[in-house]
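Here the structure is laid out as structure tokens; the discussion comes afterwards.
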Amino acid sequence: MGRVYNFSAGPAVLPEEVLRSAAEEMLDYKGTGMSVMEMSHRSKAFEEIMEHAESTLRDLLKIPEDYKVLFLQGGAHQQFAMVPMNLMKNRVADYIITGQWAKKAYKEAQIYGKANAIASSEDKTFTYIPDCSDLPISEDADYVHICHNNTIYGTVYKEIPNTKGKILVADMSSSILSEPVDVTKYGLIYFGAQKNVGPAGVVGVIIRKDLITEDVLEGTPTMLRYKTHADANSLYNTPPAYGIYICGKVFQWIKDQGGLEAMKERNEKKASILYDYLDESKLFKGTVQKEYRSLMNVPFVTGDDALDAKFIKEATERGFVNLKGHRTVGGMRASIYNAMPMEGVQKLVEFMKEFEQNNIK
Ligand SMILES: *Cc1c(COP(=O)(O)O)cnc(C)c1O
């Protein structure tokens with residue numbers, strides 16, 4: 001069996017070129033006689049891998065000098081805790097609740113201080129992004145937290161919230177590198193790698209340097225202090241070395257594709273193939289309000305659970321896999337990250353049209 005079209009929300013499809021290149025270097029990385037997996041993280045070869053990953057990411061996102069890039073572990077979930085532990089100086093933070101991940105981050109922050117839900121779209125099952133132009137930002141809030149792209153529900157912020165001068169912290173796990181980002185608008189950005197960037201096991205953090213301090217909540221473990229990792233350039237302990245190596249290759253691949261402007265253009269084109277069809281289909285329909293549609297995660301339904309199940313089964317047989325919606329939402333979800341080729345979406349839509357013809361009453 002050849003490769004399938006993998007619409008998984010994460011871990012997700014990686015660029016085939018990256019996988020081939022990693023395969024070629026598997027047994028002997030650039031004449032070292034060993035795999036990157038077998039290499040000391042203090043070696044010259046790995047030092048170069050790390051340096052290349054960071055500089056390529058910096059280049060893509062135009063990350064200014066006053067921001068530090070960290071490659072850590074523990075996934076986005078660990079950032080749900082690390083953010084308050086390190087940034088909640090007044091023990092107050094504001095959270096905008098636009099989906100399950102946003103809510104989980106909010107719940108975690110409640111362990112450490114007063115987390116306020118200052119806006120939410122839960123009233124309409126997270127099918128939109130609330131108006132964030134004039135929110136009741138807490139006067140003593142240490143930061144405002146958002147989940148930029150809602151992987152499960154398929155919504156994205158088209159405009160970032162007005163935080164009234166407070167630090168903006170964003171979970172960009174499922175949108176990072178899908179389009180350009182003005183990093184200077186954020187105090188901290190974090191992203192689990194396994195959606196758009198690389199294999200599971202790496203979480204990237206882009207943090208403004210003045211936010212890296214010794215002044216953290218009492219009891220914060222050494223490993224959960226940004227300063228520990230910043231001072232050691234992400235080499236305080238053994239990093240997720242192979243994962244970082246693959247991330248570096250993905251960053252390079254994006255650069256070779258023309259960078260983030262080109263990625264955005266491609267992603268918009270790709271997403272519109274699917275959204276345009278959903279808008280005209282008599283069988284399938286998208287589940288979120290049009291103006292907040294994500295370029296990365298596209299949930300849709302037929303409105304009939306049995307028909308949804310039939311679609312997922314037949315799609316799988318045809319090599320379109322992992323189209324089942326999140327267990328809490330049902331229906332279908334096509335995750336069409338950077339590495340999903342245009343052709344994958346075109347063929348999926350062709351198949352959906354065929355399915356519609358055969359199943360419309
Ligand atoms: C997948 C995802 C998470 C969870 O990531 P882990 O690496 O499993 O902790 C958090 N936030 C968003 C937006 C996600 O898409």
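As the structure is a computational prediction, the values presented were derived from the model and not from experiment. Note that the numbering runs from 1 along the sequence shown for the chain. Order of listing sets the numbers, starting from 1, for every ligand and every atom in it.
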Within ligand 1, which atoms have a heavy atom of Cys147 less than 4.0 Å away?
13 (C)

Could you report the tightest heavy-atom contact between Met332 and Val301, atom names first, then the distance?
CE-CA, 4.1 Å

Nearest-neighbour protein heavy atom for atom 9 (O) of ligand 1, which is reported as residue plus atom name and distance
His77 ND1, 2.5 Å

Those atoms of ligand 1 less than 4.0 Å from some heavy atom in Thr151
12 (C), 13 (C), 14 (C), 15 (O)

In the protein, which heavy atom is nearest to atom 5 (O) of ligand 1, and how far is it?
Ala76 CB, 3.5 Å

Among protein heavy atoms, which lies nearest atom 7 (O) of ligand 1, and at what distance?
Gln194 NE2, 2.9 Å

At under 4.0 Å between heavy atoms, is it the side chain or the backbone of Ala200 that contacts ligand 1, or both, or neither?
neither

Check: Lys166 side chain, Glu139 main-chain N or O, donor-acceptor pair, under 3.5 Å
yes

Atom 14 (C) of ligand 1: the protein heavy-atom neighbour that sits closest, reported with distance to 0.1 Å
Lys195 NZ, 2.8 Å

Quick one: are Leu57 and Leu177 in side-chain contact, heavy atoms under 4.5 Å?
yes

Could you verify whether a donor N or O on one side chain and an acceptor N or O on the other, from Tyr112 and Asn86, lie under 3.5 Å apart?
no

Heavy atom of Gly10, distance to ligand 1 below 4.0 Å:
no

For Gly75, counting its heavy atoms only, list the atoms of ligand 1 lying under 4.0 Å from any of them.
7 (O), 9 (O)

What's the shortest distance from atom 11 (N) of ligand 1 to any protein heavy atom, and which residue and atom give it?
Asp171 OD2, 2.6 Å

Taking all non-hydrogen atoms of both residues, which atom of Met223 and which atom of Met82 are closest, and how far apart?
O-CE, 4.2 Å

Any donor-acceptor N/O pair, Lys270 side chain to Met340 backbone, under 3.5 Å:
yes

Are more than 12 heavy atoms, taken from residues, nucleotides or ligands other than Lys164, located less than 6.0 Å from that residue's NZ atom?
yes

